[in-house]
Structures are given as C-alpha cells and as structure tokens.
Amino acid sequence: MKNFVTQSWLLENCSNDNLIILDARAELNDPKAGYHQYKKGHLKRAQFVSLEDTMTGKVSEHGGRHPLPDMEVFIKEMMQLGISDSSTVIIYDDGKLAMAGRLWWLLKYAGKAKVFLLEGGIKQWVDNGLEMTTDIVEPQSSGTLSLNLNESMIAEFSEVKTAVDLEQTAIIDSRAYERYSGQVEPLDRLPGHIPSALNYPWMELVNEGTIADNQKINEKFKSLEEYEDIIVHCGSGITGTVNVLFMEEAGLKPRLYPGGYSDWVSYENNPVVRD
C-alpha cells in the first residue's frame, strides 16, 4: 500500500536520522485528550501535533468546523518539528486513521512527498507489546521545508455547488449513514446531506486498526471509476481523509472538500436532502 508503512518497517527504520514520527491522536469532543494520551505514552521519537492548534485554522462564518490552517504558518510549524524536504514522515493515531489522515492530507497538500501512515496505529503497537516512552522529543531543524500547494487535491465550495448538477462528478459523503440520511445530526445546523451526494461511510475499511485488504478496497470503490471527478467530504474535513486515502490506494484521484457538510449548511440557501 503506497500510503502506509507496517509496524515491522518502522521497527527496522526507527533509528534513521531522516525519519520524523508524528503522533496525531485527538478526540473531537475533547481538544486536550490527544496530548494527555501522548504524555502517558507514545512511540519513541514521536512528536505530538494538535488537531485544534496546528491542523485547524480560525473558525469563521463559513469554512466549516475545522477549516484549513494558514498553510504558511502550518509549514513553519512542521519545520519546527524538524521536517525538511528530504525527511520521511510517519504519522499515527489510535488506528482509526481519521486524525492521522488529516495530517497526512495537509502535508501532501503542502507538497510534501514522503508522508506515510503507520498501519494499525498505536493501538496495534501496544497490542504487539512494542516499546513505548514518555520522553518528550526536542526537535532540531534539519533544513528547509518547501510549500508547494497541490491545488488538484482540493475542491472549493463553489465547485461543490456546481457539481451537484454534474452527472460526471461524484460527491462522496463520508459520514455515517444515520447522519447522511438525516436521522440524527449532533453537530451541524441541519440534518441531511448535499443533494446528489453518495454515502460511503469512512469507517467501513478499517476496524480496530486493521485495514481491509487491497481486493476489498478496490471492490468498495469500483463503481466510482466511471466518474470524471470525485469530490470527497465529511462533516468538517477530518474523517473524509480516510476515504481519500483508500480511494488513492484503489487508483482513484479524489479531491477533498475541506469545509464539508458543516460548511455547506453554513449557507442558509443551500438545499439539503433527507432520506
């Protein structure tokens, strides 16, 4: 799998000076939970990256609940962690991939090539009895990290609004079916989904850190091969990155609508559909 490394690979390469390990654990209902977990124990050499402070920009009227950060600021913060153009970056979370996926997507969007996720996350690392530490890393800058935004990875609100009426574009809603259908909506202003959006719940290809095999991933997204363009979203640009990851593994080239459903319903005149 092109976007993942195994735990055995990391064990063999963890002493590589050019390797940067990032802990992206977070909980949406508790902004401080990830750092508390990190302090209790993490992978050797891992540095913590905050969802709210680093991976999210300032919330405003539009842009969703987790807008993209200022990418100039983001890249400087990544450099402060010791990341350079030549670094290989390995990211992990609790194994569900959503938080690690968000950081992976941001680094790829910024133009960083060698960025991978740790298959199984810290859950399987612990389950396998592998070494943990409470030592806090003091990063040292090792060179320049260039910012070369890959605009082909992103879909703006205006493009999503146009895509609603385009048969050759698939809009993929990554949320759980109960939210997609409008049965429940714990976070956003209106229940339902963007018109014409198709529901592909993000959590269906990863279970307790175990990733589905390539055949199952390919089968999951086979029907999307007929579309010229694929736009993926979730509630606010976090869990949707898991679908982006797996679609790329299946050979597709999806774009992410970072504002997601929370951005869509921030415009009062935008229609929503309830099944």
Side-chain angles (χ1 to χ4, degrees), residues 1-10 20-30 33-34 37-38 42-43 46-52 54-56 65-66 68 88-110 112 114-128 130 153 172-177 179 199-221 230 232-258 260:
M1 301 182 81
K2 63 183 179 181
N3 292 311
F4 294 87
V5 298
T6 63
Q7 302 208 354
S8 59
W9 183 94
L10 185 55
I20 303 292
I21 303 174
L22 302 179
D23 185 320
R25 283 179 288 175
E27 294 180 11
L28 293 178
N29 60 353
D30 184 354
Q37 293 166 354
Y38 172 79
H42 50 266
L43 274 62
Q47 300 175 79
F48 180 74
V49 180
S50 168
L51 171 66
E52 300 293 340
T54 301
M55 293 187 256
T56 302
R65 284 180 277 105
H66 290 92
L68 297 184
T88 297
V89 180
I90 308 299
I91 308 169
Y92 70 86
D93 58 15
D94 59 3
K96 296 177 183 177
L97 296 178
M99 305 305 166
R102 167 74 170 208
L103 184 53
W104 167 87
W105 188 91
L106 285 169
L107 282 164
K108 299 292 279 188
Y109 176 54
K112 177 66 181 160
K114 294 182 288 187
V115 185
F116 306 92
L117 290 95
L118 177 63
E119 187 175 346
I122 199 168
K123 182 186 185 303
Q124 289 192 4
W125 190 269
V126 172
D127 290 348
N128 291 333
L130 301 176
M153 292 178 59
I172 304 301
D173 188 324
S174 305
R175 298 173 301 159
Y177 176 75
R179 292 185 67 193
N199 189 215
Y200 282 70
W202 69 275
M203 68 293 292
E204 292 186 348
L205 293 174
V206 58
N207 181 31
E208 296 295 324
T210 300
I211 298 170
D213 60 32
N214 286 336
Q215 180 178 351
K216 188 171 183 180
I217 292 171
N218 291 336
E219 289 174 353
K220 176 74 175 176
F221 300 117
I230 301 171
V232 176
H233 76 87
C234 54
S236 62
I238 297 175
T239 58
T241 61
V242 181
N243 267 341
V244 171
L245 273 164
F246 287 131
M247 286 181 189
E248 287 200 1
E249 295 293 341
L252 300 172
K253 295 186 180 298
R255 297 189 291 158
L256 180 71
Y257 169 31

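Note that this is a predicted model, so its numbers are computed, not measured.
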Side chains of Leu97 and Phe246: closer than 4.5 Å at any heavy-atom pair? yes
Roughly how far, to the nearest 0.5 Å, is the CG atom of Leu22 from the CG atom of Leu118? 11.5 Å
For Asn218 versus Ala250, what's the shortest heavy-atom pair and its separation? OD1-CA, 3.3 Å
Check whether any side-chain heavy atom of Leu205 sits under 4.5 Å from a side-chain heavy atom of Phe221, and report yes or no. yes
Tell me every residue that passes side chain to side chain contact (heavy atoms under 4.5 Å, CB included) with Asp94, counting only those two or more places apart in sequence or in another chain. Lys96
Give the C-alpha distance, both sets of side-chain angles, the deciding distance and a yes or no for side chain to side chain contact (heavy atoms under 4.5 Å, CB included) between Leu117 and Val5. CA-CA 6 Å; Leu117 290 95; Val5 298; over 6 Å; no
So Leu245 and Glu249, side chain to side chain contact (heavy atoms under 4.5 Å, CB included) or not? Walk me through it. CA-CA 6 Å; Leu245 273 164; Glu249 295 293 341; 5.6 Å; no
Distance-only donor-acceptor check, side chains Tyr92 and Asp23, under 3.5 Å: yes
Taken to the nearest 0.5 Å, the spacing of Leu10 CG from Leu43 CG works out to 6.0 Å
Between Leu68 and Trp105, is any pair of side-chain heavy atoms under 4.5 Å apart? yes
Among all residues two or more places apart in sequence or in another chain, which pass the salt bridge (charged side-chain N to carboxylate O under 4.0 Å, His left out) test with Arg179? Glu185, Asp188
Please answer whether the main-chain N or O of Ala100 pairs with a side-chain N or O of Asp93 as donor and acceptor at a distance below 3.5 Å. yes
Is there a side-chain contact between Val49 and Ile91 in this structure, where contact means two heavy atoms from C-beta onward sitting under 4.5 Å apart? no
Would Met203 and Val242 count as a side chain to side chain contact (heavy atoms under 4.5 Å, CB included) if you check the C-alpha gap in whole Å, the side-chain angles of each, and the deciding distance to 0.1 Å? CA-CA 8 Å; Met203 68 293 292; Val242 181; over 6 Å; no
Measure from the side-chain N and O atoms of Arg102 to the backbone N and O of Leu51, and report whether any donor-acceptor pair falls under 3.5 Å. no
Taken in chain and number order and not counting sequence neighbours, the residues that satisfy side chain to side chain donor-acceptor pair (under 3.5 Å) with Asp127 are Lys123
Tell me which one of Asn243, Ile230, Ile172, Thr241 satisfies side-chain contact (heavy atoms from CB on, under 4.5 Å) with Leu256. Thr241
Within the 4.5 Å heavy-atom criterion, are Val89 and Leu103 side-chain neighbours or not? no
Would you say that Thr54 contacts Leu106 through its side chain, given a criterion of any heavy-atom pair below 4.5 Å between the two side chains? no
Quick one: CH2 on Trp104 to CZ on Phe4, what's the gap to the nearest 0.5 Å? 8.0 Å
Below 30° counts as parallel, above 60° as perpendicular, anything between as tilted: where do the rings of Tyr257 and His233 land? perpendicular
When you check the side-chain N and O atoms of His42 and Gln37, is any donor under 3.5 Å from an acceptor? no
Return the minimal non-hydrogen interatomic distance between Gly240 and Ser174, and the atom names on each side. CA-OG, 3.7 Å
Residue pair Arg65 / Leu28, side-chain heavy-atom distance below 4.5 Å: no
Is Asn199 reaching over with its side chain to a backbone N or O of Asp173, donor-acceptor style, under 3.5 angstrom? yes
Evaluate the side-chain proximity of Gln7 to Glu119: yes if any heavy-atom separation is below 4.5 Å, no if none is. no
Pairwise distance CE(Met153) to CZ(Arg255) - rounded to 0.5 angstrom: 12.0 Å
Could you check whether any side-chain N or O of Tyr38 sits under 3.5 Å from a backbone N or O of Ala46, counting only pairs where one atom can act as donor and the other as acceptor? yes
Lys216 backbone acceptor or donor facing Asp213 side chain under 3.5 Å: yes
Nearest-0.5 Å distance, CD1 of residue Ile211 to CE of residue Met1: 5.0 Å
Where do Met99 and Ile238 land on the side chain to side chain contact (heavy atoms under 4.5 Å, CB included) test, with the steps shown first? CA-CA 7 Å; Met99 305 305 166; Ile238 297 175; 3.8 Å; yes
